[in-house]
Amino acid sequence: MNLLSHLNGVQKDAVEYTDGPSMIIAGAGSGKTRVLTYKIAHLIEKGVDPFQIMALTFTNKAAREMKERIEHLVRGTEARNVWMGTFHSIFARILRIEAEKIGFPQNFTIYDTDDSKSIIKKILNEQQLDDKLYKPSQVLGRISGAKNNLISHFDYNNNPEILQADRDSGKSKLGMIYTIYQERLRKSSAMDFDDLLFNTNLLLRDFPEVLIKYQRRFKYFLVDEYQDTNYSQYLIVKRLAAMNENLTVVGDDAQSIYAFRGANIQNILNMHKDYPQLKTFKLEQNYRSTQNIVAVANSVIAKNKKQIEKTIWTENHDGEKIRLHSTLTENEEGSLVARSIFEIKNTKAVAYTDFAVLYRTNAQSRSIEEALRRINIPYRIYGGQSFYSRKEIKDLLSYFRVVINPNDEEALLRIINLPKRGIGQTSIDKLRVEANRLNISLWDLIEGLESNPILPRATALKIVEFATMIKSFRIDLKTKSAFDMAEHITRHSGFYTSLYQARDEDEGVMRFENMEELLSGIKEFSESDTGEEGENKLHSLEEFMQDIALHTDADQQDKNEANQVTLMTIHAAKGLEFSYVFIVGLEENLFPSLLSLNSRADIEEERRLFYVAITRGKEQVFMSYAESRYKWGNLQYSEPSRFISELDPKYIEDHTADKILSSDTKKPSKNDLFGAGFQKTFEKKPEPNKLSKKEETPTENVPSNLKKIETSGQGAATVNHDQSDSIQVGMEVYHDRFGIGKVLTLDGKGADRKATVFFTNAGTKILILRFAKLRILKQ
DNA sequence: CTGTCCTCACTTTTT
DNA sequence: GTGAGGACAG
């Protein structure tokens, strides 16, 4: 196959430039993945052994998709031998091979963020530090930041500037926490995410023979999303590629959205310093989006000061303008989106998979979700609570973790009394203190408990029993298949029975099913024959578990890849594209996030995030904001995002005034998808509570332009002497206790009629009008 | 030791 | 509204 014929000029040049360092600056939608996959395919066609190619991606999903695409391009099954994966998974693999050199067992456990946080909490507790001052997530962030810049806990505690900074912020104990944290990890034979990269750097720095081994082994390196790499990742690549410098990095500074976790845009800006003979290719033609989308995206990103100069353009058609809408509440925003999807789907004959709803924070998914469910639109939420982070799954995985690595204290503590076996908190605390005192792992202590009676006989006996059970599981670890092993553990630990019996509880059935799903996933894994050499290789539980912590929800192969609308954060949407994209929650303090308002750099990152969101769209982009939204359980008033005013109005169709018109004059026209939505949402309960579910009338399910126009006049015709009946959204009212306020929403009927009112002095209150005796100040 | 009830803090974004 | 963690009774 002539690979190169599918590429444009620059793409072709970039693909053909195989020997030597190169950087591809790839604008959104410019065929970045295409170039990467074709380049790898091209290398293989040229005769490069796939085993000598290392391709690093940002997500597992990207790796998998790229692999599939290469397999389509290259004959045979060769392509699967490319070392392709995330930084974390590839180097975890290498670390397992070399673990002993840096003092870890080959079966070390990878701790996820929950595990890490849990350790931090324990340390804070033991050290009697206030967890309000030392917020676990912030402490972890600080440690993570240090590691990503290759500052060990030793370096940290010897760096006067860092220590001073910590003292200045009143958190002088951070260095100590870092040290203890690392000790705990080591005692548990565990590494956190950052350690995987940190320790890889140690390995390559301190063991020249290892460095040379991998430098010889890999001849070609390709790095995707290079703008999102941190210093630690940068240095790994630099070291490995140092021998022959066949390094290709692909990225777009305009899409750098992970600075918050240490990504360093300088990595891309400074490439030419490390590699003077660097060849740079700029992919500037966008093949994905319409003229309007590209233009509006360009107008947004132009507001950023710091960027590599480039001009993204497209030959695609103009397309529709970007539609901008506002609603009164987040629930109305949800309805608006749901209705629009419904109508576009029907008028344009497209699939649900062509739609995506993108938001800044996971918490925003709820209102969208409810609205979609209400009119029976199938959807899938990515991110948020992942399968692997559900309690029952974490519990069962903890069993497997302990069996594989009994030193894994986090896992051990999770299961030592699960199901209940009479080992309570008091005993566990005593054991932990004792283990710390002896400086041994918790497992080492309980394994030899008979000879160290620090607990009442009865309790000690129960613990010995538990330890014996774990030991018995360990016997078959190397000989049994992953599934046989997993099933054996699940049944003989009492875990299966306890979940089975709990099926009549609220979430019981789901838990049980989740457990079964995990087991069937393991079964699938056991029976797979993806081994590089020969099919009859036994797939062990150890193998299954080794990078499970690195899997996220988005990586799960979409089995029931039905026709579904996609809901995800903008971060999660990076690299994806959809015909119709809804960007919701464009409100100040939400997007841009409140926490980003401190510095220009942070705002610029938010803006890049906005840019990423817009450029996901192929055909049309919709934006919306809600004037009020629930935060921390109560209603908050919000203002439109500053980003909205940065959009070039030439490409915008502004509907933010619609709702005012819709209540009296405006009639929905045929293609006014949103207008109809407003008619309806206007007098619908904005807050779906228990009642709204069952009281839904059949008309609820028919989102149509034709309905309910007659009710749109709402209050205009109502003549009633009781003032509470004439209260309208937007009015200024007076309350005896709360003072002056503005009516945000109204819902309910008759005696139940309620108003959400924002009071200047008292905040937002929901009032039952029958009792509230509001007086109208201004219409 | 276990279960239940109450309080409170919580929201960025992810490997 | 939710989930984690503390207080307290059995």
Side-chain angles (χ1 to χ4, degrees), chain A residues 56-63 85-92 110-114 116-118 121 125 131-132 135-138 140-141 144 147-148 191-197 225 228-230 232-233 256-263 358-367 370 382-386 388-389 391 417 419-429 455-456 458-459 462 547-555 568-574 585 589-597 602 605-606 608-610 612-613 629-636 687-690:
Chain A
L56 298 163
T57 62
F58 201 67
T59 63
N60 295 304
K61 195 174 175 205
T86 62
F87 274 88
H88 292 84
S89 70
I90 293 283
F91 296 113
I110 299 171
Y111 273 9
D112 66 17
T113 312
D114 286 345
S116 299
K117 267 196 201 132
S118 159
K121 279 183 199 158
N125 198 277
D131 66 358
K132 285 188 188 95
K135 290 205 175 123
S137 55
Q138 280 174 14
L140 198 59
S144 172
K147 287 185 189 175
N148 287 332
M191 297 188 199
D192 68 13
F193 288 144
D194 304 313
D195 285 336
L196 294 173
L197 305 174
E225 309 281 14
D228 288 326
T229 53
N230 58 38
S232 185
Q233 291 166 319
S256 159
I257 53 175
Y258 282 96
F260 72 93
R261 75 174 215 220
L358 307 181
Y359 33 79
R360 180 66 181 79
T361 65
N362 279 306
Q364 289 166 257
S365 67
R366 173 168 305 167
S367 57
E370 279 170 0
Y382 290 80
Q385 165 92 303
S386 98
Y388 294 105
S389 60
K391 185 183 178 302
N417 198 29
K420 301 263 177 298
R421 37 176 83 89
I423 306 170
Q425 202 53 52
T426 323
S427 309
I428 292 171
D429 286 346
L455 291 174
T459 315
K462 286 174 190 155
D547 57 0
I548 200 105
L550 302 175
H551 287 298
T552 61
D553 202 37
D555 303 324
M568 53 171 54
T569 63
I570 301 165
H571 282 89
K574 193 173 69 159
N589 297 346
L590 179 63
F591 191 15
S593 155
L594 181 63
L595 301 166
S596 74
L597 301 180
D602 287 346
E605 174 144 319
E606 295 282 309
R608 290 192 295 270
L609 193 57
F610 188 38
V612 168
R629 181 178 296 277
Y630 277 89
K631 273 179 191 167
W632 323 295
N634 52 31
L635 200 63
Q636 306 258 313
E687 246 175 295
N689 52 26
K690 300 104 232 158

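In the text below, chain A, chain B and the rest are named by the order of the sequence lines, each starting its count at 1.
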Are [X] and [N] close enough that a side-chain N or O sits under 4.0 Å from OP1 or OP2?
| X | N | result |
| --- | --- | --- |
| Asn589(A) | dT11(B) | no |
| Ser427(A) | dC1(B) | yes |
| Lys135(A) | dC10(B) | yes |
| Lys121(A) | dG5(C) | yes |
| Thr426(A) | dC1(B) | yes |
| Thr569(A) | dT14(B) | yes |

In whole Å, what is the span from the [atom1] atom of [X] to the [atom2] atom of [N]?
| X | N | atom1 | atom2 | result |
| --- | --- | --- | --- | --- |
| Tyr382(A) | dT14(B) | OH | C1' | 17 Å |
| Arg629(A) | dG1(C) | CZ | P | 17 Å |
| Asp228(A) | dT15(B) | CG | C1' | 11 Å |
| Leu635(A) | dG1(C) | CG | P | 14 Å |
| Ile428(A) | dG5(C) | CD1 | P | 14 Å |
| Glu225(A) | dT14(B) | CD | P | 14 Å |
| Leu590(A) | dC10(B) | CG | C1' | 15 Å |
| Gln138(A) | dC10(B) | CD | C1' | 13 Å |

Would you call Phe87(A) stacked on dT15(B), i.e. ring centres under 5.5 Å apart with the planes less than 30° off parallel?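 By the stated criterion, Phe87(A) and dT15(B) do not stack.
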State, with a plain yes or no, whether a side-chain heavy atom of [X] is found less than 4.5 Å away from one of [Y].
| X | Y | result |
| --- | --- | --- |
| His551(A) | Tyr388(A) | yes |
| Leu140(A) | Thr113(A) | yes |
| Tyr359(A) | Ile570(A) | no |

I want to confirm an ordering. Mapping Thr459(A) and Ser137(A) to their closest nucleotides on DNA chain B, which one lands closer to the 5' end? Thr459(A)
Residue closer to the 5' end of DNA chain B, Ser596(A) versus Arg421(A) (nearest nucleotide):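 The residue mapped nearer the 5' terminus is Arg421(A).
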Answer with yes or no whether the side chains of Ser367(A) and Glu370(A) bring together a donor and an acceptor at under 3.5 Å.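 Looking only at side-chain atoms, Ser367(A) and Glu370(A) do not form any donor-acceptor pair under 3.5 Å.
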Could you label the plane-to-plane angle of the Phe591(A) and Phe610(A) rings as parallel, tilted or perpendicular, counting under 30° as parallel and over 60° as perpendicular?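 Taking Phe610(A) first and then Phe591(A), their aromatic rings stand perpendicular (interplane angle over 60°).
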Say you pick atom C1' in dT11(B) and the same atom in dG6(C); how far apart are they, in whole Å? 23 Å
Look at the side chain of [X] and decide which nucleotide, out of [options], has an atom nearest to it.
| X | options | answer |
| --- | --- | --- |
| Leu595(A) | dT15(B), dT11(B), dG1(C) | dT11(B) |
| Arg261(A) | dT15(B), dT2(B), dT13(B) | dT15(B) |
| His571(A) | dT11(B), dT13(B), dT15(B) | dT13(B) |
| Thr113(A) | dT15(B), dG1(C), dT13(B) | dT15(B) |
| Asn362(A) | dT2(C), dT13(B), dC1(B) | dT13(B) |
| Lys420(A) | dT14(B), dT2(B), dT11(B) | dT2(B) |
| Asn417(A) | dT15(B), dT2(B), dT11(B) | dT2(B) |

On the ring face of Tyr258(A), is Lys574(A) found with NZ or CZ under 6.0 Å from the centre and within 45° of the axis? no
Touch check for Lys631(A), heavy atoms < 4.0 angstrom, all strands: base, sugar-phosphate only, or nothing?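 No contact.
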With sugar-phosphate meaning primed atoms plus P, OP1 and OP2, does Tyr258(A) contact a base, only sugar-phosphate, or nothing at under 4.0 Å between heavy atoms?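 Result for Tyr258(A) = sugar-phosphate.
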Closer than 4.0 angstrom, basic N to acidic O: yes or no for Lys147(A) and Asp195(A)? yes
